[in-house]
Asker: 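Take this structure first; my questions come after.
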Amino acid sequence: MVRGKSTSGSGLPENYEGIVNLITAQYPNLSSGFQKIARFVTQNPNVVALESISVIALRCDTHASSLVRFAQEFGYSGFKELQAVFQTRLATAAPGFRERVKALDGELSRHARSGNLGYLRDLVVRDIAALQDLLERVPEDTLTAAARLITGADTIYIAGQLRSEPIALLLRYLLTMLHRRVVLLDPAGGLAQEMAETMTRGDVLVAIAFRHYAQEVVAISERAAASGTPVIAITDSQLSPIAKDAKALFTVPEDEYSFARTLAAPMCLVQCLAVASAAILQRGRDEMPRIPTVTEKNASRGAAGPRRRRAEGT
């Protein structure tokens, strides 16, 4: 049985961050069943805090007795004692958060099985909840550190495949519009890992992967860590295989939807990274940082031609 660090006599973590750090440290040594529970409780802290053990077991696709044994594995007397740590986190969250969670559940239950518009409403409500959670989850210092890595890098490598590919493509577009040197490590041609061999300490890798993690992205992230290339990881949990070597880690937990998983929060996050980078690159300007579009750049080039010819007297 493992034990966490705490200032109390029991030696157990007394806050959410402490138990998540303990679970992360012990995760490789857990059984496959306990690893599944670990992924769920770290990605769904609000569910763990608010629901009964039977509901949590159902959502986690396990037995209530397994949740009890999981808590005991970390030194707690039972699941209730572990759950109290998650409830403490919720009690100290932003005002009104508990009400938003209840409102979300109510909104979804009221419109269940109401046709295609009901599907749309379900997705929109969940996206709103995911964006609110993102706003409360991401620390200022992590955003700042990531923006500095991006603006200070010789080359920005981006790896995101499968469901993460649209996020990677958006980030490439935004950073390219900021005149950064960007390499997208996509699977086309089967050369992504070979291209990753060119990464150096002066570059940065943005790795994007959610469960079930694209193995090539995991391999590229490990390659970056081995070469000393800083990694910015966007993933769903501290337990993610791309999280362990990250210089800047952004966790965007995912709920298990019946037919879709939202991309709203990670898309918003990469937009924020681009704007934060623009703020550094455009320091000294009075205006808000902005990222030009291709259309604007083409229009600017078109207007520059006649001005240049007039200046040259032609």
Side-chain angles (χ1 to χ4, degrees), residues 1-4 12-13 15-90 101 105 108 126 129-130 133 137 161-164 207-219 221-222 233-246 249-263 265-266:
M1 182 179 294
V2 297
R3 294 276 175 166
L12 299 176
N15 56 48
Y16 172 74
E17 290 75 16
I19 187 57
V20 169
N21 290 336
L22 180 58
I23 291 173
T24 301
Q26 296 298 327
Y27 182 78
N29 303 321
L30 298 176
S31 67
S32 60
F34 279 1
Q35 285 184 344
K36 181 173 70 172
I37 296 173
R39 289 193 299 268
F40 183 86
V41 300
T42 55
Q43 293 185 51
N44 300 275
N46 302 323
V47 174
V48 175
L50 294 171
E51 299 291 356
S52 66
I53 188 172
S54 58
V55 171
I56 296 169
L58 183 64
R59 292 281 303 274
C60 195
D61 191 26
T62 189
H63 297 287
S65 59
S66 296
L67 293 176
V68 174
R69 290 195 298 272
F70 176 83
Q72 292 172 341
E73 175 74 12
F74 290 92
Y76 295 93
S77 60
F79 188 74
K80 278 290 185 184
E81 188 178 6
L82 174 61
Q83 187 180 41
V85 178
F86 287 79
Q87 291 169 340
T88 300
R89 169 192 173 274
L90 193 60
V101 172
D105 290 339
L108 293 178
R126 290 185 186 277
D133 187 64
R137 177 179 294 273
Q161 298 178 12
L162 305 176
R163 200 165 43 87
S164 301
I208 309 167
F210 301 92
R211 199 164 52 94
H212 304 279
Y213 313 98
Q215 289 305 306
E216 193 165 40
V217 175
V218 174
S221 180
E222 292 173 345
I234 300 174
T235 188
D236 53 9
S237 167
Q238 287 181 247
L239 305 179
S240 163
I242 69 171
K244 61 182 183 300
D245 298 313
L249 172 63
F250 298 95
T251 57
V252 186
E254 294 189 298
D255 198 359
E256 291 293 339
Y257 302 158
S258 59
F259 52 89
R261 292 179 181 177
T262 178
L263 292 181

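From a predicted model like this one, the values you see are computed outputs, not experimental measurements.
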Asker: Donor-acceptor pairs under 3.5 Å, side chain of residues 30-40 to any protein atom, not counting sequence neighbours: which ones?
Answerer:
from: S31; atom 1: OG; to: F34; atom 2: N; distance (Å): 3.2
from: Q35; atom 1: NE2; to: Y27; atom 2: O; distance (Å): 2.9
from: K36; atom 1: NZ; to: D61; atom 2: O; distance (Å): 2.8
from: R39; atom 1: NH1; to: Y27; atom 2: OH; distance (Å): 2.9

Asker: Which residues satisfy the salt bridge (charged side-chain N to carboxylate O under 4.0 Å, His left out) test with E216, sequence neighbours excluded?
Answerer: none
Asker: Work out which heavy atom in R137 is nearest to a heavy atom in T251; give both atom names and the distance.
Answerer: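 Between these two residues, the closest heavy atoms are CD-O, 2.8 Å.
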Asker: Does a side-chain heavy-atom distance below 4.5 Å link P266 with F210?
Answerer: yes
Asker: Where do V217 and I208 come nearest, in terms of heavy atoms and distance?
Answerer: CG1-O, 3.8 Å
Asker: If I take atom CD from residue Q238 and atom CD1 from residue I23, how far apart are they, to the nearest 0.5 angstrom?
Answerer: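 Taking CD in Q238 and CD1 in I23, the distance rounds to 9.5 Å.
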Asker: List the atom of A71, the atom of G78, and the distance in Å for their closest heavy-atom pair.
Answerer: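 So the two residues come closest at CB-O, 3.5 Å.
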Asker: To the nearest 0.5 angstrom, please state how far the CZ atom of F86 sits from the CG atom of N44.
Answerer: 10.0 Å
Asker: As an exercise, state the distance from CD of Q43 to CG of L239, rounded to the nearest 0.5 Å.
Answerer: 7.5 Å
Asker: When you measure from the side chain of Q87 to the backbone N and O of L50, does any donor-acceptor pair fall under 3.5 Å?
Answerer: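 Not at all, since once roles are kept as given, no pair shorter than 3.5 Å links the two residues.
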Asker: Is there a donor-acceptor contact under 3.5 Å from the side chain of T42 to the main chain of S237?
Answerer: no
Asker: Measure across I53 and V68 and return the closest heavy-atom pair with its distance rounded to 0.1 Å.
Answerer: CD1-CG2, 3.9 Å
Asker: How long is the span from the OG atom in S54 to the CG atom in L58, to the nearest 0.5 Å?
Answerer: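 Between S54 OG and L58 CG, I get 8.0 Å after rounding to 0.5 Å.
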Asker: Nearest 0.5 Å, what's the OG-CZ distance between S65 and F79?
Answerer: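 Here the interatomic distance stands at 12.0 Å.
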Asker: Looking only at atom types and distance, does a side-chain atom of T88 sit under 3.5 Å from a main-chain N or O of A84, one as donor and one as acceptor?
Answerer: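 Side chain of T88 to backbone of A84, a donor-acceptor pair under 3.5 Å: yes, one is there.
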Asker: Verify side-chain contact (heavy atoms from CB on, under 4.5 Å) between V41 and F70, making sure each step is shown before the conclusion.
Answerer: CA-CA 11 Å; V41 300; F70 176 83; 4.2 Å; yes
Asker: Output yes when a side-chain donor or acceptor of Q72 lies under 3.5 Å from a complementary backbone atom of S77, and no otherwise.
Answerer: yes
Asker: Considering all heavy atoms of both residues, which atom of Q83 and which atom of A49 are nearest to each other, and what is their separation?
Answerer: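 Heavy atoms of Q83 and A49 come nearest at NE2-O, 4.0 Å.
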Asker: Taking Q215 for the side chain and Y213 for the main chain, is one N or O donor matched with an acceptor at less than 3.5 Å?
Answerer: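 Checking the backbone N and O of Y213 against the side chain of Q215, a donor-acceptor pair under 3.5 Å is found.
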Asker: So which heavy atom on A243 is nearest to which on L249, and how close?
Answerer: CB-CD1, 3.8 Å
Asker: Measuring from S240:OG to I234:CD1, what's the distance to the nearest 0.5 Å?
Answerer: 11.5 Å
Asker: With no hydrogens and no angle check, is any side-chain donor or acceptor of N15 less than 3.5 Å from a backbone partner on G18?
Answerer: yes
